[in-house]
Amino acid sequence: MSIVTPSPTPLPGLHLRGLGRPLPISQIVRFEADDNYTRIYVRGQVHPLLYAYTLGVMCQRFPFMARITRSAAINPQHVQAVTRQGLELRNHPPVWLSRHYLKRLPAELSRARQVVDRQVYSKL
């Protein structure tokens, strides 16, 4: 009799219209507002994807992103360190924050991480 161990459940993907396949959440680094559009920065891609929704709508549809400024949201999985000036991201330039957003940062990162944990554990 052999014991079968379940493989870890991958995080759900981000389904964007126009992409032929779901984009894994772990590949998304940050969202950035660009007027009525949102630029989606993906790990390993030079140019961001441009999506025709505002940043507010994108953050509501994809709650795993942490809103860190009025015009940006990041994936907490890519945060390397939090400093007095802002965030250091893996393989990306640092993101500078105002004092107002820096005070809200721990709660926002915690909220976004809990959303991802709930999605992973609900799939088990």
query: Out of I28, L109, V29, which one pairs with I74 under the side chain to side chain contact (heavy atoms under 4.5 Å, CB included) rule?
result: L109
query: Residues in side chain to side chain donor-acceptor pair (under 3.5 Å) with R70, at least two apart?
result: none
- request: Using side chain to side chain contact (heavy atoms under 4.5 Å, CB included) as the criterion, list what pairs up with R104, not counting sequence neighbours.
  value: H100, Y101
- prompt: Out of curiosity, does L23 fall in the hydrophobic cluster containing Y41 (side-chain heavy atoms, cut-off under 4.5 Å, transitive links)?
  reply: no
query: Quick one: side chain to side chain donor-acceptor pair (under 3.5 Å) partners of Q27, sequence neighbours excluded?
result: none
field: T38 side-chain N/O to L55 backbone N/O, donor-acceptor pair under 3.5 Å
entry: yes
Pairs satisfying salt bridge (charged side-chain N to carboxylate O under 4.0 Å, His left out), at least one member in residues 37-49, at least two apart: D34-R39
statement: Residues M65 and R111: closest non-hydrogen pair is O-NH2, 2.9 Å
message: Would you compute the distance between atom CG of L89 and atom CZ of R30 and round it to the nearest 0.5 angstrom?
response: 7.5 Å
- prompt: Can you tell me how far the CZ atom of R113 sits from the CG atom of N75, to the nearest 0.5 Å?
  reply: 9.5 Å
statement: Between W96 and G86 the two heavy atoms that sit nearest each other are CE3-N, 4.3 Å
- prompt: With a cutoff of under 4.5 Å between side-chain heavy atoms, which Ile, Leu, Val, Met, Phe, Trp and Tyr residues group with L50?
  reply: Y37
message: Testing the basics here: between E88 and T83, what is the closest heavy-atom pair and its distance to 0.1 Å?
response: OE2-CG2, 3.5 Å
- prompt: Rounded to the nearest 0.5 Å, how far apart are CE of M58 and CZ of R67?
  reply: 11.5 Å
field: V46: hydrophobic cluster co-members (side-chain, 4.5 Å)
entry: none
